[in-house]
Amino acid sequence: MNNMPKDFLWGGALAAHQFEGGWNKGGKGPSVVDVMTAGAHGVPRKITQTIEDDEFYPNHEAIDFYHHYKEDIALFAEMGLKCLRTSIGWSRIFPNGDEDEPNEEGLQFYDDVFDELIKHGIEPVITLSHFEMPLHLAREYGGFRNRKVVSFFEKFAETCFKRYKNKVKYWMTFNEINNKMDVDNPLFLWTNSGVTVKEGENAKEVMYQAGHHELLASALAVAKGKEINPNFEIGAMVSHVPIYPYSSNPVDVMLAEELMRQRYFFPDIQVRGYYPNYALKEFEREGYNIKIEDGDEEILQDGTVDYLGFSYYMSTTVKSDVERDNTGDILNGALPNGVENPYLKASDWGWTIDPVGLRYALNRLYDRYQIPLFIVENGFGAVDKVEADGSIHDQDRINYLKAHIEELEKAVIYDGVDLLGYTPWGIIDIVSFTTGEMKKRYGMIHVDRDNEGNGTMKRTKKDSFEWYKRVIATNGEEL
Ligand code: BGP
């Protein structure tokens with residue numbers, strides 16, 4: 001008899017810019033991610049600031065969910081999904097971000113999508129900002145550098161909460177708010193916060209100031225949401241990548257502990273409601289001048305979250321006596337002192353495959369915060385082979401997901417972690433965020449579209465489709 005909670009939310013996860021397409025349809029304005037060109041394996045995406053006709057922007061059409069949403073949701077229903085995580089494109093609702101009135105066509109699109117999901121018994125789990133800030137806010141206001149953008153986000157959140165208060169219960173404010181801690185990669189501060197670091201500025205000081213405004217925006221949204229519907233469950237969302245010490249040498253252990261602060265800084269504040277001492281000490285030591293105004297502390301305290309959503313893909317390892325050897329993926333930054341973990345294999349994109357790390361992460365996060373957790377991203381990005389008969393035997397993906405589900409079930413059943421649900425990333429093939437590729441596929445549904453935008457957009461069930469359908473039907477018993 002499986003002891004997974006009967007109401008466990010088995011689902012799938014997506015993000016507007018990576019699958020909707022319709023980037024300029026229905027009144028939508030350009031977002032910060034609409035000016036990022038295609039990358040390729042090992043070739044970072046370019047942030048172009050403008051829409052160049054001759055540049056290929058993979059997320060402009062993505063997989064055209066905008067015109068396929070009924071077909072796709074019918075496939076999600078056939079899998080038996082209990083919930084679907086996706087985001088509301090901020091610039092579909094406020095094309096420039098600073099308008100007084102929202103774009104009705106954008107609001108109606110999500111009404112139609114949520115109605116279709118609910119018709120099929122699928123609970124929407126909605127991220128308010130998944131790297132999709134209106135480009136105008138980034139270019140004219142400087143993104144979250146500018147405290148004014150806090151009120152624009154609060155207005156966007158309030159508009160969505162009011163419009164969908166009877167259709168959506170689970171919300172998250174900012175996707176992977178902590179990505180920007182890796183200030184060496186401009187991709188993250190740009191997509192998280194609409195910010196670029198200028199010549200002569202201290203990148204971490206700029207990041208922490210933008211982060212403070214984002215933390216205020218998150219807290220204000222939570223408080224507003226609970227006013228509009230006290231039954232809302234509003235979460236934070238972070239990328240959680242455990243950092244292991246390479247050895248039992250206490251210097252390695254302490255280094256890993258210290259580096260984990262970049263993972264914990266944002267959720268510490270979003271869950272507890274105040275700045276941790278290790279951060280205040282860092283600001284003082286480094287001379288960061290972070291403007292925190294009177295009343296900000298009360299805002300943070302009054303806007304703590306109901307649950308912690310997080311993405312888990314991999315773990316990383318550090319060793320005190322080596323220089324940075326650029327181990328680790330672009331997504332999580334090649335950590336200073338990063339080294340290969342001799343006990344783990346990696347995906348084609350260098351992401352370690354560490355199922356036990358998921359159980360470890362669940363225990364560390366639950367012990368730290370003692371609030372419900374939600375695994376809102378986990379998955380295996382891989383190149384899929386389409387056989388002559390059109391079938392796709394993605395056994396590696398099944399093996400990856402099976403191993404990770406086994407570990408999350410141990411965390412729930414043996415360790416007593418309060419886990420709301422599990423939504424594997426990219427339930428249908430979509431554009432990879434860090435690389436801008438279709439080639440890096442996560443889906444259990446294949447989409448005929450390649451890195452250059454060619455293909456029929458035809459949807460095809462992979463072997464993992466029927467496998468996951470059985471997992472859900474047996475509440476995680478039959479893996
Ligand atoms: C996370 C993002 C997702 C998703 C995921 C996989 O950072 O929240 O948007 O993209 O990474 O990364 P990628 O798509 O680069 O393989």
Side-chain angles (χ1 to χ4, degrees), residues 11-20 31-34 36-45 58-59 62-63 65 84-90 125-133 172-182 185-193 235-241 262-263 266-267 308-314 316 328-334 346-353 361 374-384 396-397 400-401 404 423-443 447 449 451:
L14 297 160
H17 76 274
Q18 292 176 255
F19 81 120
E20 281 182 3
S31 72
V32 292
V33 78
D34 285 330
M36 279 169 52
T37 59
H41 203 153
V43 178
R45 302 182 74 173
N59 36 285
I63 62 164
F65 174 78
L84 180 77
R85 178 203 173 203
T86 187
S87 61
I88 290 175
W90 185 351
V125 175
I126 300 306
T127 315
L128 286 169
S129 183
H130 197 127
F131 309 154
E132 293 147 354
M133 175 186 285
M172 277 165 276
T173 53
F174 291 99
N175 181 70
E176 293 193 333
I177 191 172
N178 58 337
N179 278 357
K180 52 179 155 290
M181 292 299 269
D182 176 13
N185 186 336
L187 188 77
F188 296 134
L189 196 52
W190 175 251
T191 53
N192 262 184
S193 317
M237 196 287 182
V238 295
S239 159
H240 191 75
V241 180
Q262 64 188 286
R263 307 289 191 236
F266 282 98
L308 178 63
F310 69 99
S311 61
Y312 176 87
Y313 290 96
M314 71 186 91
T316 46
D329 178 76
I330 182 175
L331 177 70
N332 294 288
S347 76
D348 291 348
W349 275 265
W351 293 16
T352 53
I353 299 168
F374 202 148
I375 303 168
V376 294
E377 290 183 31
N378 174 242
F380 183 67
V383 178
D384 286 340
D396 285 353
R397 180 169 297 108
Y400 177 100
L401 294 170
H404 284 77
T423 58
W425 176 251
I427 192 79
I428 184 170
D429 286 348
I430 55 177
V431 178
S432 154
F433 161 58
T434 51
T435 68
E437 293 182 285
M438 278 301 298
K439 184 177 160 193
K440 187 179 185 187
R441 296 172 185 275
Y442 286 89
V447 178
R449 179 164 166 79
N451 275 10

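Computed from a predicted structure; not experimentally measured. Atoms within each ligand, like the ligands themselves, are counted from 1 in listed order.
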*Among all residues two or more places apart in sequence or in another chain, which pass the salt bridge (charged side-chain N to carboxylate O under 4.0 Å, His left out) test with E132?*
none

*Would you tell me which option among F433, W349, Y442 has the nearest heavy-atom contact to atom 16 (O) of ligand 1?*
Y442

*Atom pair CG (L189) and CE (M181), whose distance is rounded to the nearest 0.5 Å*: 11.5 Å

*May I ask you to check whether E176 has an N/O atom sitting below 3.5 Å from an N/O atom of ligand 1?*
yes

*Measure from the side-chain N and O atoms of H17 to the backbone N and O of H130, and report whether any donor-acceptor pair falls under 3.5 Å.*
yes

*Do side-chain atoms of D429 reach the backbone of G443 as a donor and acceptor pair under 3.5 angstrom?*
yes

_Tell me every residue that passes ring pair (Phe, Tyr, Trp, His ring centres under 6.0 Å) with F19, counting only those two or more places apart in sequence or in another chain._
F65

*asked:* As an exercise, identify every atom of ligand 1 less than 4.0 angstrom from a heavy atom of S432.
replied: 13 (P), 14 (O), 15 (O), 16 (O)

_Any heavy atom of W351 closer to ligand 1 than 4.0 angstrom?_
yes

*asked:* So if I count the atoms of ligand 1 from 1 in the order they appear, which ones are less than 4.0 Å from some heavy atom of H130?
replied: 2 (C), 3 (C), 8 (O), 9 (O)

